[in-house]
Structure formats: C-alpha cells, structure tokens
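As the structure lists them, so they are numbered: ligands from 1, and atoms in each ligand from 1.
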Amino acid sequence: MYDRMSLQSFFNPKSVAIIGASRQKGKVGYEILANLVAGGYAGKIFPVNRKADTIDGLKVYPDLASIGEAPDLAIVIVPARFVKGLMEECAKAGVKSVIIITAGFKEVGPDGKRLEEDVVRIARQSGIRFIGPNCLGLISPSRNLNASFGGDLPVPGGIAYISQSGALLAAILDTANANGIGFSSLVSIGNKADLDELDLIQAFGSQAETKVIAGYLENIKDGNAFVREAEIISVKKPILLMKSGGTEAGAQAASSHTGSLAGGEVAYESAFKRAGVIRCESIKEQFDFAQAFANQPLPKGPKVAVITNAGGPGIMAADAIEQKGLTFAGLTEDTKKKLAEKLPAAANVNNPVDVLGDALADRYEFALDVVLDDPNVDSAVVLLTPQAMTQSGETAEAVTRISAKKGKPVLACFLGASKVEEGLAVLRKGGVPQYDSPESAVNTLSAMSDYVRWRSRPKRVVRLFSVNRRKVENIVERHLRQGMLDIGEAEAKEIIEAYGFATPRGSIATTANQAANIAQQLGYPVVLKIWSPDILHKSDVGGVKVGLKSEQEVKDAFDLMMYRIPKKKPEANILGVLVQEMVRTSGKEVILGMHRDPHFGPLMMFGMGGILVEVLKDVSFYLAPLTAEEAKQMLVNTKTYHILKGVRGQEGVDIEAIAEGLQRVSQLVTEFPEIKEMDINPYVVSALGTTPIAVDARISLEKK
Ligand code: ADP
Ligand code: MG
C-alpha cells in the first residue's frame, strides 16, 4: 500500500484537461465539457482532441504536450484501447490526477482486466492517482466543478457522496437537485482500480466542508483497513452507507456450523457496526439521515418532544418514538406552566404539545422556544398539517429561527404538498430537514442517537488470557505438515484446553470390554461416541449414545455402533469408540464458533447449540477480537439469551462464563490465523459458579 492523500487536485483543480473532448452533442466527450462550462468552473479548461480546433468557441489542443503546462486534473474519455497510451502521455506531461471515465475494463472480462492492470502499473510507476475507470466523474459544487456526465451541478452543502454505481449517482443527483439538497462532493468511483472507497472516505474525513460521508457500495476492497480507518473517521464524521450484494463469502462450502450460517452479509454488518458506520436501507433513508447529520446538531440523549397542530400525527410520532427505543420526553412543570400561560386553554401542554389547528406561526415559535429550553428535551419534531389558516412559510421561518439558536436538533414534518410548498422551501434554506412522515423523522433521530451512543462507547479493551500457545502451535504445525486440514474432536479438545476450556474426561476403547472398563473408572452414566477422522457429524450416523447406565448398556452400545456405522459409512476409517463422562444434563447447550471471512477476518458466532443449531438459526456474529462488552452483546442479540437468563421460574445459567468462552475462542483464532473455522458445540453451561464444559469441538485449518 502507498500513502493516501488529500486528493486536493481532484476536488479543487486550477486547470482541467478533457482528453477526448468532442464537438458532438450527446457524446460523453461533449457532455462533460458542456457540464464543466455550464457549472461555471473558474479554472482553465483545456479540451484535447487530435482532430478538432475549437468546441463551442474553446480552443482545442491536439495533445497534452501542446498545452504548454501540466493541468491539475485530466479527464480521460477516449476508447479503452487508447487509455494506456494516454496515461503514458499524462505521465510525460507531469499530470498527477486523472479521472478515467472510459468503460471496457475489468467489468467486460479477462482482456479488460489485463488492460486495467496495465493502466494501474503505469499510474504507480509515474505517481499518478486516478479515479475509475468505468465511472461517471466527479462533482465539487463549492468550486463550481462539474467534471461528470451525471447531471446538473447541485448546490453546495455538507454531504460528500461516493458511489460504486454510476447510474445510481445520476439518480441521486436528480433527486437532490429536485429537493435542493446540497453536497460538498459527489464521486463515481467505477471499477476503483486505483482510488477506492477508503481513499475517498479518508479524503472527505479531513475536508472541512464535508460534514457527513455517504455512499453506495457493492463491495469493500480491503476489509481490515476499512474497519480500522472508518472507525477513526466515524468519530469525527458520520459515515452513512448503502450496501448491496455480498454473497461472495457465503457461497463457499463450509464444514462447520458457523461456516454454513455465516454469509458475506453478516461480516459486512459486523464490520459496519464495529466501525460506527450507519447502514441505510434505501436512498430515501440515506437522504433522511444525511440531511439531519449535515445540518443539525447531535442530540445529547434520547428524549424527544413533539409539537403539532393536530392529534393524529402527534400520536404517530409518539408510537414511532416508542418503537425505535427513543424516550418520549416528559416536560417539566415549569415548561408546562409557561406553555399554559400563553397557549389557548384547549391546547395540550404535555408532550406531544398540541398548539391546535388554528395555530399561526407565532404559536409554533413560542411553543418550540419553550420546549427546547426544557432540560428534559434532547430533540424536537415539529409536525404541521395544512389547515385553513396555517401559515406554512411563516411557521417554517419561526422554526428555522428557533432551531438555529438552541443547539438541539429540530426535525420538521410538514405534511401535504402544494399548501406547504412555501414552508418547505424556507426550511430547506434554513437547514431544518423536512420528512414526509412522523416515522421518518423519528427514525432519523434514532439513527442520530445510536451514533451518539456509538461515539461515547467505552474504549475497546480486549482481554488477554494466559494460555498454552506452544501446545497449539505444535498441533497446528503437525497437521499442516501432514496436509491434514481437519482437526478432529480429540486434538481440537487439546487445543481448546490449552486456551482454558474444560472438556469431559474420557478415553478411546477398541473392544466392548475395554469400553466397559473405562466406563467403570469414569463412573456412570457415560456417553459413547464413534471415533473416526472421517466422520464430522457423529450423531448423523448414529455415532453418539448418551446416558449409558451400566456395563451391559455400554457393551451393547459399543457392539451396535461397530456393526452399524461401517455399513452406513464404508469408506470411514474407524479407530474405535470414545467413552466419555456424561456432563450435567440440566445444562443448556450453546455453540461458540468462528468462520474466517475472506474480507474481514475472523467472524465469531454465538447461538443456541446442540444438533439443532442449523435448524433454529438463532445465532449472532461479531468480528474478532472481541471485548467483554462485545461478547456479552453477542449473547444479548439472540433469542436464546432470554432462555439462558432464566424464564418462568427456570434457573438461569452463567452468562459471564459464556461471554468469557467467546473471548477465549476469539483470542485463539486471532493468535492462529491458520484456523479457518471452528465450532465448540455443544458448550454445556449451567448455573452461576459452575464450569461450562466443551463437549464437542471441531477445527479446520488453511495454509497461510
Ligand atoms: P456431533 O456433533 O458430532 O453429532 P456431539 O459430540 O456434539 O456429536 O454429540 C451430539 C449431542 O450429544 C450433543 O449435542 C449433546 O447433546 C450430546 N452429548 C454428547 N456428548 C455428551 C456428554 N459427554 N455429556 C452430555 N451430553 C453429550
Ligand atoms: Mg457437536
């Protein structure tokens, strides 16, 4: 990797060359030039085309060399087969920043991929950074720079947008322009052969005019770097992402339960959570969030007040507040008294404050002023329905005025269309975001309050347990040397014992008599399990018999297994039968697992365990290494948690012990990148103060 930079010359170039500029309307080479001119770009523009001499009155240069100076930014629009040559020309002319609009690279197949790699090589050799290929370009409204064919220049604002889909960017631009939404920059990153999402997120992170970073991504180039860096940037600026696709990792075959339950999506979900990235489900939601984050202060807490001129929408807002886990603010007596003094007698001075249908702007202004001063209020939603006397414009002005001086977020929801048009325009200008329903406004406040909570989370401290790392190294090395990638129950247990797990006592028997002797030593009841490196899931072939209470039962079970299993699995090399102590049957069976995600590394899993884990699918995931809080949160995120805590008079189990088990597995898989996936299933847990037992474990390796 090389240094990431501020990308200054992309967003604020003093001169721009358009290589492949065209005279022909409708051609990209014309449209980009026309957009640049129409946007009012104040720097120098150098159209380059071997044939033309002028385009719309602008002087055209036959090549870069004849310009006589190196432009800050070059936009390349020529056909794919000429791009390599032009990059070499850029290198010679001393151009450092390039946008390659041209398509026909990696996205079209192996030939295009090779071409793209050649272009990257030239860029690396000559110190050029480039955006694209296969993109729509870049827009920087505050510099009047529209170096794209995505649409008209939007107004300047605090949102930076990154899109992996050009078409989506065009749609976003159109929506934004229709609603007067402002941007600091918009970038179509195309195939991201050089500059990728993280480079841009980092550039926006240190750009003063950007308040919020938003984007649409289909994948992330370097998962680990993304999590590490985005976590740092998220603290300063919220990152709002839409993410589609993500089945790549889930598609591969898995031998563990964890592997087959972990798709690519859960890894992204965890990565976003860890990095504080706010995931948006739709363009609308993303705009809803972005406008509030860009224009309003963050709430100090979850307490929301609602001001309305009608009962219905007020109740809708109240329901949404409850549903989203926010708090419906209880106003102080002082606030209620003040409100009662000036509002009509019929008005409701409790939250939601109802200023009544005949409210004019002054009533809203007064109520909002008083309510926002209340120490019990962290944010406010102003609802307005257009009634006969409603003053949408004046009310919007009042709301904007008050919101600007209180330091608490105010979100508006003026319902209706033509009757509130005037008000909406005023709100937009004043930076008070407007929502099309009370639910959308509340949903946005909930995202803001989640973000605030994430920002004030305790510092991540990963506990390190003292373990016998040496022992694990030996087992892992020997398996890899012998090309054995699956570690069976016996040695998997040695590994987890080295990391502090307790396992049931037991030994291998090769005859029925031997089995009975071992059982005698262990004490009844015992469990018999088939012992074969070729049988992954023992129960599936009748290879587990629990609760054997006597010598006779042990012998019978032994004989039955030895008779039946070779018939079911003739190819399996059966080494004998494991006679194992039976662990407390009152315990609960959970699963602790890990699956190494190709993008984000070790992904931990917790869930209801036993043989039904894949049927019940009550599992949760998080990226390792885990802190104590994160491990605990993984438990809380499952339905099983309620059962573990104890329901309807049933005694609960030792929750902290399970969380500790997860942290120990997390340490194991972090210290051994060769471990590709593993399950401890079942991990049998009982009442507080008892030691949980790892009854079964499987580990598989990969060569590093
Ligand atoms: P596999 O997962 O290969 O089928 P396990 O060793 O996990 O085999 O055994 C299957 C099930 O049998 C466990 O989920 C557990 O319910 C029960 N079981 C196995 N060993 C014991 C034991 N030592 N004590 C109590 N129950 C056990
Ligand atoms: Mg098992």
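Between Asp696 and ligand 1, a contact under 3.5 Å exists for at least one N or O pair. The distance criterion of under 3.5 Å between nitrogen or oxygen atoms is met by Val583 with respect to ligand 1.
If you look at Asn681 next to ligand 1, the close heavy atoms, those under 4.0 Å, all belong to the backbone. Using a 4.0 Å cut-off between heavy atoms, Gln580 contacts ligand 1 through its side chain alone, with no backbone atom that close. Residue-level proximity to ligand 1 for Asp540 is absent, since no heavy atom of it falls below 4.0 angstrom. Counting heavy atoms closer than 4.0 Å to ligand 1, residue Val544 contributes side-chain atoms (C-beta onward) but none from N, CA, C or O.
Ion pairing between a basic and an acidic side chain is recognised when a charged N comes within 4.0 Å of a carboxylate O; Arg596 and Glu677 show no such pairing. Salt bridge absent: Glu674 and Lys703 never bring a charged side-chain N and a carboxylate O closer than 4.0 Å. Contact check on Lys192 versus Glu197 returns a salt bridge, with a Lys/Arg side-chain nitrogen under 4.0 Å from an Asp/Glu carboxylate oxygen. Remark: Asp559 does not engage Lys555 in a salt bridge, criterion side-chain N to carboxylate O under 4.0 Å.
Of all atoms in ligand 1, numbered sequentially from 1 with element shown, those under 4.0 Å from a heavy atom of Gly610 are 14 (O). Near Lys529, the atoms of ligand 1 lying under 4.0 angstrom from a non-hydrogen atom of the residue are 6 (O), 19 (C), 20 (N). Under a 4.0 Å criterion applied to the non-hydrogen atoms of Pro682, ligand 1 contributes the atoms 7 (O), 13 (C), 14 (O), 15 (C). For ligand 1, the atoms lying closer than 4.0 Å to a non-hydrogen atom of Glu589 are 13 (C), 14 (O), 15 (C), 16 (O). Residue Val527 approaches ligand 1 through these ligand atoms, each under 4.0 Å from one of its heavy atoms: 20 (N), 21 (C), 22 (C), 23 (N), 24 (N). Less than 4.0 angstrom separates some heavy atom of Leu536 from each of these atoms of ligand 1: 3 (O).
A centroid separation of 6.0 Å or more is found between the aromatic rings of Tyr622 and Phe606. Aromatic ring centres of Tyr161 and Tyr216: separated by at least 6.0 Å.
By the 4.0 Å heavy-atom criterion, Glu581 is counted among the residues contacting ligand 1.
Under 2.8 Å from the Mg ion (ligand 2) lies no N/O/S atom of Ser539, from backbone or side chain alike. Here Asp679 fails the criterion, with no N, O or S atom under 2.8 Å of the Mg ion (ligand 2).
Here the side chain of Ser234 pairs no donor or acceptor atom with the backbone of Glu231 at under 3.5 angstrom.
Here the rule is side-chain contact (heavy atoms from CB on, under 4.5 Å) with Met604, and of His595, Met634, Glu630, Gln663 only Met634 fits it. Just one residue in the list Val277, Val227, Ile278 forms a side-chain contact (heavy atoms from CB on, under 4.5 Å) with Phe272, and that residue is Val277.
Note that Arg664 lies in the cation-pi zone of Phe465, set by a 6.0 Å cut-off to the ring centre and a 45° limit from the axis.
Nearest N/O/S atom of Asp696 relative to the Mg ion (ligand 2): this is OD2.
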